[in-house]
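Quick notes on the structure that follows.
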Number of protein chains: 2
Amino acid sequence: MDELDSAIVRELQRDARQSNRDIARKVGVAPSTCLERTRLLRERGVIRGYHADITPSALNRGVQALVSVQVRPLSRAVIDAFKAFAHGLPEVTAVFVMAGNDDFVIHVSAQDNDRLHAFLVDRLSQRKEIVGFRTSIIFQHLAKHDPAPLPGA
Amino acid sequence: MDELDSAIVRELQRDARQSNRDIARKVGVAPSTCLERTRLLRERGVIRGYHADITPSALNRGVQALVSVQVRPLSRAVIDAFKAFAHGLPEVTAVFVMAGNDDFVIHVSAQDNDRLHAFLVDRLSQRKEIVGFRTSIIFQHLAKHDPAPLPGA
DNA sequence: CCGTTCTGCCGAACAACATTCGGTGCGACG
DNA sequence: CGTCGCACCGAATGTTGTTCGGCAGAACGG
């Protein structure tokens with residue numbers, strides 16, 4: 001993970017669909033070198049994939065929420081089972097396993113408030129390991145797909 | 001946004017770096033048609049960009065947290081200012097503007113616990129509009145970059 | 001200090017690709 | 001029934017991905 005790798009990663013974070021030749025030119029190496037580096041980054045697991053960022057409303061997901069969930073008992077079996085369950089639900093776009101008061105935070109998106117409510121009541125609250133959950137609506141979601149490097153790194 | 005558009009979007013969510021020809025073959029149209037559709041999806045803002053998904057530890061971001069923040073007064077000026085401030089910090093990878101008890105939830109990632117703590121104390125808590133915040137460490141973060149379509153959609 | 005080995009990079013070659021554009025079929029509309 | 005407009009197609013062309021042989025410099029050992 002030298003400076004060249006970082007530069008390639010940065011470019012691919014910024015725009016994953018630009019040509020390998022463009023990236024090579026920007027980072028200052030031959031296209032063949034850049035391609036080999038990228039292949040190795042993928043192989044090493046540094047690059048996990050390339051994904052299009054889609055407007056949620058275009059996917060009929062105009063309403064989003066964060067749901068804090070507490071489960072009991074706090075055993076590995078229960079945690080893994082709930083994690084897998086949540087991750088498998090189509091309305092769920094992310095699962096955070098947490099330390100602190102809440103055991104999970106689930107990022108959920110639905111077509112409208114009615115369907116969000118139905119999801120919470122019909123799917124989530126069915127699970128017997130849940131001893132409590134709190135839902136907070138998301139007004140706005142600003143994601144940083146191209147984060148600036150950390151100061152002291 | 002017909003069935004063909006959805007299929008193209010699905011493919012680009014799954015793998016944004018596959019060739020236009022491959023996508024065209026999978027969705028069953030000519031490459032030129034597929035390219036034109038993709039161009040329009042971008043132009044309409046449905047596709048917001050293409051980004052590489054990078055392992056956080058490779059970016060020196062091994063520790064992640066969700067920080068719930070309350071600010072006062074709850075005016076547009078204060079909310080917009082804090083939102084811009086948070087979004088500009090390099091440790092911040094996402095900002096959620098919320099309804100409910102918390103006004104913001106901030107997704108933060110740092111190199112280690114020390115730097116996370118330093119960030120919270122030196123950067124975040126400096127802001128005078130903050131009247132309270134609560135930090136929860138993230139043990140695990142499962143994101144779904146290729147969500148299954150919603151049932152009733 | 002020299003020879004060997006190894007590693008990473010380069011540039012050329014070729015197959016695959018993106019992109020453009022004129023043509024065509026089909027449904028809508030008058 | 002004729003005409004218009006729209007979406008798609010396929011061929012053409014310049015560009016790109018990908019492979020591979022070779023080369024230079026570092027690392028190592030004698």
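Residue numbers begin at 1 in each chain, while the letters A, B, ... track the order of the sequences.
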Atom-to-atom span, [atom1] of [X] to [atom2] of [N] - whole angstrom:
X: A:Gln18; N: C:dT19; atom1: CD; atom2: C1'; result: 18 Å
X: A:Leu35; N: C:dA15; atom1: CG; atom2: P; result: 18 Å
X: B:Glu36; N: D:dG10; atom1: CD; atom2: C1'; result: 15 Å
X: B:Arg25; N: C:dC17; atom1: CZ; atom2: P; result: 9 Å
X: B:Arg17; N: D:dG17; atom1: CZ; atom2: C1'; result: 10 Å
X: B:Ile8; N: C:dA18; atom1: CD1; atom2: P; result: 13 Å
X: B:Asn20; N: C:dT19; atom1: CG; atom2: P; result: 7 Å
X: A:Arg37; N: C:dC9; atom1: CZ; atom2: C1'; result: 9 Å

Subject >> N/O donor-acceptor pair, side chain B:Arg21 with base C:dA18, under 3.5 angstrom >> reply: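 A donor-acceptor contact between them is present.
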Original post:
On a plain distance test, is the side chain of B:Ser32 in donor-acceptor contact with the base of D:dG10 below 3.5 Å?
Top reply: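 Under the 3.5 Å cut-off, the side chain and the base do form a donor-acceptor pair.
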Original post:
Are the aromatic ring centres of A:His107 and A:Phe96 under 6.0 angstrom apart?
Top reply: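 No, the ring centres sit 6.0 Å or more apart.
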Original post:
Should we say atom CZ of B:Arg123 is surrounded by more than 12 heavy atoms from elsewhere, each under 6.0 Å from it?
Top reply: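 Atom CZ in B:Arg123 is not crowded, with 12 or fewer foreign heavy atoms closer than 6.0 Å.
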Original post:
Should the pair A:Arg44-A:Asp5 be classified as a salt bridge under the 4.0 Å nitrogen-to-oxygen rule?
Top reply: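 So A:Arg44 pairs with A:Asp5 through a salt bridge.
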**OP:** Quick one: label B:Ile23 by what it contacts on the DNA or RNA (base, sugar-phosphate, nothing), any heavy atom closer than 4.0 Å.
**Re:**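 It contacts nothing in the nucleic acid.
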**OP:** Report the C-alpha distance between B:Phe104 and B:Phe82 in whole Å, list the side-chain angles of each, state the deciding distance to 0.1 Å, and finish with yes or no for ring pair (Phe, Tyr, Trp, His ring centres under 6.0 Å).
**Re:** CA-CA 9 Å; B:Phe104 293 92; B:Phe82 182 77; 4.7 Å; yes
Original post:
Of B:Arg39 and A:Val29, whose closest DNA chain C nucleotide lies nearer the 5' terminus?
Top reply: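 Nearest-nucleotide comparison on DNA chain C picks A:Val29.
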